[in-house]
Undergrad: 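Below is the structure I would like to discuss, written out as structure tokens.
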2 protein chains.
Amino acid sequence: MTAATSAPADPHSSATNPRRRVGRPAAAVLDQAGITLAALQLIGKSGYDGFTMAALARTLNVAPSALYNHVSSKRDVLVLVQDHLTSFVDVAAFESGPWEQAVRDWAWSYRDVFSKHTPLIPVIAVLPVADAPRTLAMYEAVSAGFSRAGFPQERIIPAIVALESFIFGSAYDATAPADIFDSGSMASSTPNFTSAVQRLAEDSHEKPADVAFSLGLEALLAGLGALRTA
Amino acid sequence: MTAATSAPADPHSSATNPRRRVGRPAAAVLDQAGITLAALQLIGKSGYDGFTMAALARTLNVAPSALYNHVSSKRDVLVLVQDHLTSFVDVAAFESGPWEQAVRDWAWSYRDVFSKHTPLIPVIAVLPVADAPRTLAMYEAVSAGFSRAGFPQERIIPAIVALESFIFGSAYDATAPADIFDSGSMASSTPNFTSAVQRLAEDSHEKPADVAFSLGLEALLAGLGALRTA
DNA sequence: CATCATAAATGAACGTCATTCATTTAGTGG
DNA sequence: CCACTAAATGAATGACGTTCATTTATGATG
């Protein structure tokens, strides 16, 4: 039933793919950068459900086992993807702009990037920074910004971690279905909650996840900003 | 190699298990509550890696397929577990105490419960509240507390969502390895970050995750509290 | 130029899981 | 007493991640 079964003989066949060969190719077909880009494309096209080692190998015209010459596990690929995505997070304003706006830019872009990649969050959250150079570079830029803004050294990391925790949680929230708060048949037994949900729906035309993110971020900005020694 | 293989014949055998039978037993062996408790025990003993439908069935002296008469998928079991765990989250103070302390109690207990169950977070974050009655009850208690504390109706849900996002993200952070911020060989190229990490380690004797959680929570309390109309 | 170690690919296993299904059985309502 | 049905079995299925023996082109070495 599989493709391999229906085209059994002749591994040199150029009918299926002119570039397919056996043994070492003219130049290495694979490397980590190529795998990362292919993974990113595949995820974009098929989502994380369709993201399997077999599917990834297929887009690279390679056998699944070939991938293991360049990465040691699927998790490894996810780490590569994560680190690549981090380069799309906007830290520019930390170099010059005012602290509050820099954090705003950073936080919104960080959330937006990873709300499309929530399956990476369990990976990031526990990943030693040394394993992801671009992620480390992001932390350096952010830390520098906090330092310049007058934060006491020992508060910088906790403040960043707190913001990041909020961002990761919010990335999940941004993917929640619109009717997540519909209490259905139990509405009558939860009057306070139900009326709060209704009032939100009536009053606001923005996406609920954006309202919550904005509210929380501004609260954190105000609270954390108070730590600065001007 | 499996137990089934090594004890092939006679399903009525009482040697392996005196209670094992074929067909409908005197009373149903399984129900959702029993499955939930068994799942919780299994997770406690073997973690989420060891939590498989086969392992769950084994602890219940039942074939894996039998579970599917009571739940429709493994995810279903996770939802049941999640809802059960939610009953351990402390919402008592919302009924009487001052708002700030109620939120503190709630947030810390919420984080503590789910930091031991982070694989549930992707499930919770996207789960319609109607599918988890105890979770819905928690929201009702919290909403009531916010209402009583003088929050405008349309801000209650966003405020709760913001707090919850922070709590979920912090639950992940609480499980991170201690050396997560060790920048290793790249330390010299990230001076700001590295010195901030060092200063934190020197100054604080508490767990870094707790410092960050406290810092973020107090900032959110201050910022969100300002929304109240006394 | 011959040879040789090696990087890098293949494809055929494996083992683990969740899930499905035909079948069997034992209570229960008519 | 009988038909219905809830609830269990265990065998089968199909993904999927990963391993491994094997093969081969390539570049370095002599």
Side-chain angles (χ1 to χ4, degrees), chain A residues 1-13 16-17 19-35 38-39 42 46-79 119 123, chain B residues 1-14 16-17 19-32 34-35 39 42 46-58 60-79 119 123:
Chain A
M1 295 291 181
T2 67
T5 312
S6 60
D10 190 8
H12 294 261
S13 163
T16 53
N17 186 332
R19 240 166 266 188
R20 182 155 298 168
R21 297 226 221 145
V22 171
R24 188 181 205 179
V29 182
L30 295 179
D31 60 2
Q32 289 202 337
I35 290 174
L42 177 57
S46 314
Y48 281 86
D49 280 353
F51 176 57
T52 67
M53 294 301 270
L56 178 57
R58 206 175 310 128
T59 72
L60 288 162
N61 286 316
V62 138
S65 51
L67 298 169
Y68 289 87
N69 288 318
H70 305 270
V71 298
S72 68
S73 66
K74 183 179 184 180
R75 182 173 191 277
D76 245 47
V77 180
L78 293 179
V79 169
V123 175
Chain B
M1 295 294 181
T2 68
T5 311
S6 59
D10 191 6
H12 294 261
S13 163
S14 59
T16 54
N17 185 331
R19 240 166 266 190
R20 182 154 297 170
R21 297 224 221 147
V22 170
R24 186 180 207 179
V29 181
L30 295 179
D31 60 4
Q32 289 202 337
I35 290 174
L42 176 58
S46 315
Y48 280 87
D49 281 351
F51 176 57
T52 68
M53 293 301 270
L56 178 57
R58 206 174 310 128
L60 288 161
N61 286 317
V62 137
S65 52
L67 297 169
Y68 289 86
N69 288 317
H70 304 271
V71 297
S72 67
S73 66
K74 183 179 184 179
R75 180 172 193 278
D76 244 49
V77 180
L78 293 178
V79 169
V123 175

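Letters A, B, ... mirror the listed sequences (proteins, then strands); counts begin at 1. Keep in mind it's a predicted model, so treat the numbers as computed, not measured.
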Undergrad: What I'd like to find out is whether the side chain of A:L30 reaches to under 4.5 Å of the side chain of A:V62, using heavy atoms alone.
TA: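 A:L30 reaches A:V62 side chain to side chain.
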Undergrad: From C-beta outward on A:S65, which listed nucleotide comes closest to its side chain: C:dA8, D:dA7, C:dG11?
TA: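 The listed nucleotide nearest to A:S65's side chain is C:dG11.
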Undergrad: Given atom OH of A:Y68 and atom P of D:dC16, what is their separation to the nearest angstrom?
TA: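 The distance from OH of A:Y68 to P of D:dC16 comes to 12 Å, rounded to the nearest Å.
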Undergrad: Any side-chain N or O of B:H70 less than 4.0 Å from the OP1 or OP2 oxygen of D:dA8?
TA: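 Answer yes for this pair, as a side-chain N or O of B:H70 is under 4.0 Å from OP1 or OP2.
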Undergrad: First locate atom CG of B:D31, then atom CG of B:L60, and finally report the distance between them rounded to the nearest 0.5 Å.
TA: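 Result: 9.5 Å between the selected atoms.
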Undergrad: Listing time: all N or O pairs from protein to nucleotides 13-17 of chain C that are below 3.5 Å?
TA:
none

Undergrad: Quick check against the 3.5 Å criterion: does B:Q32 have a side-chain atom that pairs as donor or acceptor with the backbone of B:H70?
TA: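 Present.
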Undergrad: Without decimals, in angstroms, what is the distance between A:L30 CG and C:dA7 P?
TA: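 Going from CG in A:L30 over to P in C:dA7 covers 15 Å.
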Undergrad: When the distance from CD1 of A:I35 to P of C:dA8 is rounded to whole Å, what number comes out?
TA: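 Nearest whole value for this atom pair: 11 Å.
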Undergrad: Once rounded to the nearest 0.5 Å, what's the spacing between atom CG of B:N69 and atom CD1 of B:I35?
TA: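 Here the interatomic distance stands at 9.0 Å.
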Undergrad: To the nearest Å, how far apart are A:L67 CG and C:dA7 P?
TA: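 Checked: the CG to P distance equals 18 Å.
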Undergrad: What is the distance from CG of B:N61 to P of D:dG10, rounded to the nearest Å?
TA: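 Answer to the nearest Å: 12 Å.
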Undergrad: Given atom CG of B:D76 and atom P of C:dT20, what is their separation to the nearest angstrom?
TA: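 From B:D76 CG to C:dT20 P: 12 Å.
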Undergrad: If I compare all heavy atoms of A:A63 with all of A:A57, which pair ends up nearest, and what's the gap?
TA: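 Minimum heavy-atom separation between A:A63 and A:A57: C-CB, 3.7 Å.
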Undergrad: Donor-acceptor pair under 3.5 Å: do we get one between A:N69's side chain and the base of C:dA7?
TA: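 Checked by distance alone, the answer is no.
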Undergrad: Please list, one pair per line, the donor and acceptor atoms closer than 3.5 Å that link side chains of residues 48-56 of chain A to other protein atoms, with sequence neighbours excluded.
TA:
from, atom 1, to, atom 2, distance (Å)
A:Y48, OH, A:H117, ND1, 2.6
A:T52, OG1, A:A55, N, 3.0

